[in-house]
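To keep things clear, I will list the structure first and then write my remarks on it.
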2 protein chains.
Amino acid sequence: MKIATFNVNSLRKRLPVILRWLERHQPDVLCLQETKVQDEDFPLLDLASSGYQVTFRGMKAYNGVAVLSRAAPEAVSYGFDDGGELDDARLLRVVIKGIPIVNTYVPQGFKIDSSKYAYKLKWFQRLRAYFDKHLAPSKPAIWCGDVNVAPEPLDVHSPEKHLTHVCFHEDVRRAYKETVSWGFVDVFRKLYPDRLQYTFWDYRQPSSVKANKGWRIDHILATKPLADKCKSVEVDMRPRRAATASDHTVLWAEFAI
Amino acid sequence: MKIATFNVNSLRKRLPVILRWLERHQPDVLCLQETKVQDEDFPLLDLASSGYQVTFRGMKAYNGVAVLSRAAPEAVSYGFDDGGELDDARLLRVVIKGIPIVNTYVPQGFKIDSSKYAYKLKWFQRLRAYFDKHLAPSKPAIWCGDVNVAPEPLDVHSPEKHLTHVCFHEDVRRAYKETVSWGFVDVFRKLYPDRLQYTFWDYRQPSSVKANKGWRIDHILATKPLADKCKSVEVDMRPRRAATASDHTVLWAEFAI
DNA sequence: GCCTCGCCCG
DNA sequence: CGGGCGAGGC
């Protein structure tokens with residue numbers, strides 16, 4: 001099973017890139033974030049040609065998640081179910097061929113001293129509780145998406161400059177790890193313990209791609225039984241180099257199931 | 001000499017269409033309107049490959065005129081010189097191979113009861129005075145551009161519905177004809193007295209192109225000595241059918257000089 | 001509908 | 001820088 005994740009920064013703007021990538025890579029599942037389209041405007045027709053099943057939840061202007069899958073999902077669930085903020089444009093769970101897949105667009109957090117950052121930290125706690133409720137560490141499951149955390153210094157260019165950045169501050173890294181420790185394994189880092197590899201390059205940072213000044217903030221994580229079956233994980237730079245590119249690129253992993 | 005006119009509705013958006021048209025048609029002169037680009041942002045580099053000389057005057061967001069010519073203009077003049085509103089983003093005169101060419105983007109006029117409409121009517125009067133000052137009916141000269149007038153009922157779909165439209169109202173048609181009568185001949189209508197042929201199809205009117213619900217408001221006019229040498233005039237629908245089309249298309253005329 | 005713009009956002 | 005939005009123009 002081949003599964004991929006891609007923060008598209010507008011699904012409508014990225015349709016050609018997405019369709020091209022599906023054609024070339026034929027994944028079983030492609031999880032998308034920042035679709036930035038409300039459900040009534042979702043471009044189902046443009047995706048129909050791909051032959052993929054489409055599951056989505058969006059809102060106007062911000063956020064939005066979707067799952068494209070070869071097989072139809074056996075179950076679909078939108079947002080948190082803990083009585084708090086639903087945040088269904090950031091959290092989408094599907095079950096595909098028996099494997100639960102949680103696709104997240106974790107809040108970015110704005111600034112360390114903002115309420116948005118507090119919300120982000122809380123979000124990781126809620127996500128752990130969500131895993132507790134719906135998954136089991138001993139059973140196959142996947143968590144992927146734009147997690148907005150670079151877990152280690154290796155995962156961001158010039159880490160010493162980003163100690164107070166909402167995607168690298170010690171508190172957010174701790175919050176992320178606390179959620180991971182529920183029972184997930186970062187399959188990229190598992191296969192490549194020392195590899196410097198980013199998935200996001202800021203549009204604003206001049207020549208960030210050429211100079212490779214990026215962040216590894218998009219992740220695919222699997223529970224142990226599934227992580228053990230992970231055969232390969234790669235970042236495909238091509239979508240980031242496309243004429244009309246997202247600021248993120250595609251991360252994919254293949255599992256022997 | 002082959003001369004063409006095209007309201008591009010943003011030069012920058014229409015660059016591929018323009019370059020393609022130049023390649024295919026190799027006109028001596030292409031007059032453009034609604035370039036919507038201020039001079040400091042004019043995309044000279046993108047046009048350099050065409051090999052055409054570029055003369056332009058624009059402003060931010062609205063209006064803007066340009067002339068692309070195989071030969072460099074022997075003279076260039078921007079706007080009115082009667083002490084009133086300059087309107088140099090609507091009026092550009094060049095002399096090419098000895099022929100004065102007046103490229104205009106005549107004000108649209110908004111609504112019949114608006115001051116913009118009064119300004120439009122006045123604009124035609126000023127233009128006649130401008131011809132008087134700079135041209136002679138007995139000598140070759142060309143006036144072309146988006147004139148924003150359908151001269152006759154044949155020149156607009158459902159004319160009975162547009163009697164109070166600022167591009168078909170009796171006052172504007174009279175004002176236009178008063179300016180034409182200075183000494184210009186509409187070469188399209190001269191060659192094809194009865195042909196129904198539009199040059200503009202509103203984006204808003206659903207399926208206006210397919211249903212051919214348009215307007216003939218872009219014109220090429222020549223003084224009598226030149227009009228007598230007009231060999232052919234055509235409207236090229238291709239640019240209007242392009243993937244990213246202006247709401248106008250190209251009108252061109254060939255003169256035996 | 002398809003352009004422009006200024007503004008918000010990451 | 002490159003998405004989104006809403007307003008203004010035609």
Side-chain angles (χ1 to χ4, degrees), chain A residues 7-15 17 32-38 41 58-64 89 105-111 114 116-117 120 146 148 162 165-168 200-210 213-215 217-218 240 242-248, chain B residues 7-15 17 33-38 41 58-64 89-90 105-111 114 116-117 119-120 146-149 162 165-168 200-210 213-215 217-218 239-240 242-248:
Chain A
N7 176 320
V8 291
N9 188 20
S10 170
L11 174 63
R12 284 172 292 191
K13 284 275 173 186
R14 225 61 64 204
L15 274 169
V17 171
L32 305 174
Q33 306 87 37
E34 280 206 88
T35 56
K36 292 186 175 178
V37 59
Q38 50 193 340
D41 299 333
M59 58 186 286
K60 193 190 276 209
Y62 302 109
N63 312 324
Y105 175 49
V106 176
Q108 192 262 0
F110 187 45
K111 287 185 171 176
S114 71
K116 289 179 181 178
Y117 185 62
K120 180 181 188 175
D146 178 352
N148 268 317
H162 297 114
H165 191 289
V166 290
C167 297
F168 190 62
F200 162 81
W201 299 260
D202 201 318
Y203 288 130
R204 287 165 293 182
Q205 176 104 18
S207 65
S208 65
V209 176
K210 216 165 66 176
K213 293 186 176 178
W215 297 69
I217 57 179
D218 302 275
R240 185 62 181 87
T244 175
S246 169
D247 43 0
H248 295 247
Chain B
N7 176 319
V8 291
N9 187 18
S10 169
L11 175 63
R12 284 172 290 190
K13 283 276 173 187
R14 226 60 65 202
L15 274 169
V17 171
Q33 305 87 37
E34 280 204 88
T35 56
K36 293 187 178 177
V37 60
Q38 51 193 340
D41 298 335
M59 58 185 289
K60 194 189 274 211
Y62 304 109
N63 312 324
R90 292 186 180 273
Y105 174 51
V106 177
Q108 192 261 1
F110 187 45
K111 286 185 173 176
S114 71
K116 289 180 181 178
Y117 186 60
Y119 183 73
K120 180 181 188 175
D146 178 353
V147 177
N148 267 319
V149 175
H162 296 113
H165 191 288
V166 288
C167 297
F168 190 63
F200 162 81
W201 297 261
D202 200 317
Y203 287 132
R204 288 166 291 184
Q205 177 104 16
S207 65
S208 64
V209 176
K210 217 165 66 177
K213 293 187 174 176
W215 297 68
I217 56 178
D218 302 274
R240 186 61 181 89
T244 173
S246 168
D247 41 2
H248 295 248

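All values derive from a computational prediction rather than experimental measurement. Lettering follows sequence order; numbering is per chain, from 1.
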Between [atom2] on [N] and [atom1] on [X], what's the gap in Å once rounded to a whole number?
{"X": "Q108(B)", "N": "dG8(D)", "atom1": "CD", "atom2": "P", "answer": "17 Å"}
{"X": "D247(A)", "N": "dG4(D)", "atom1": "CG", "atom2": "P", "answer": "12 Å"}
{"X": "D41(B)", "N": "dC5(C)", "atom1": "CG", "atom2": "C1'", "answer": "13 Å"}
{"X": "R240(B)", "N": "dC2(C)", "atom1": "CZ", "atom2": "C1'", "answer": "10 Å"}
{"X": "N63(A)", "N": "dG10(C)", "atom1": "CG", "atom2": "C1'", "answer": "11 Å"}
{"X": "N148(B)", "N": "dC10(D)", "atom1": "CG", "atom2": "P", "answer": "9 Å"}
{"X": "F200(B)", "N": "dG1(C)", "atom1": "CZ", "atom2": "P", "answer": "14 Å"}
{"X": "Q33(A)", "N": "dG3(D)", "atom1": "CD", "atom2": "P", "answer": "17 Å"}

Under 4.0 Å between a side-chain N or O of R14(B) and OP1 or OP2 of dC2(C)?
-> no
Ignoring backbone atoms, establish whether K60(B) has a side-chain N or O less than 4.0 Å from OP1 or OP2 of dG6(C).
-> yes
Residue [X], side-chain atoms from C-beta onward, closest of [options]:
{"X": "K116(B)", "options": "dG6(D), dC10(D), dC9(C)", "result": "dC10(D)"}
{"X": "Y203(A)", "options": "dG3(D), dC5(D), dC3(C)", "result": "dG3(D)"}
{"X": "A61(A)", "options": "dG3(D), dG10(C), dC5(D)", "result": "dC5(D)"}
{"X": "Y105(B)", "options": "dT4(C), dG4(D), dC10(D)", "result": "dC10(D)"}

Want to settle it: does R12(A) or A243(A) sit nearer the 5' end of DNA chain D, counting the closest nucleotide to each?
-> A243(A)
Want to settle it: does Q38(A) or F110(B) sit nearer the 5' end of DNA chain D, counting the closest nucleotide to each?
-> Q38(A)
Counting any heavy atom closer than 4.0 Å, what does T244(A) reach on the DNA or RNA strands: base, sugar-phosphate only, or nothing?
-> sugar-phosphate
Quick one: label Y62(B) by what it contacts on the DNA or RNA (base, sugar-phosphate, nothing), any heavy atom closer than 4.0 Å.
-> sugar-phosphate
Spacing of W215(B) atom CH2 and H162(B) atom NE2 [to the nearest 0.5 Å] | 4.5 Å
Main chain of [Y], side chain of [X]: is a donor-acceptor contact present, judged purely on distance under 3.5 Å?
{"X": "Y203(A)", "Y": "D247(A)", "value": "yes"}
{"X": "S114(B)", "Y": "G109(B)", "value": "yes"}
{"X": "Q33(B)", "Y": "N7(B)", "value": "yes"}

Hey, are the side chains of D202(B) and K213(B) touching, using non-hydrogen atoms and a 4.5 Å cut-off?
-> no
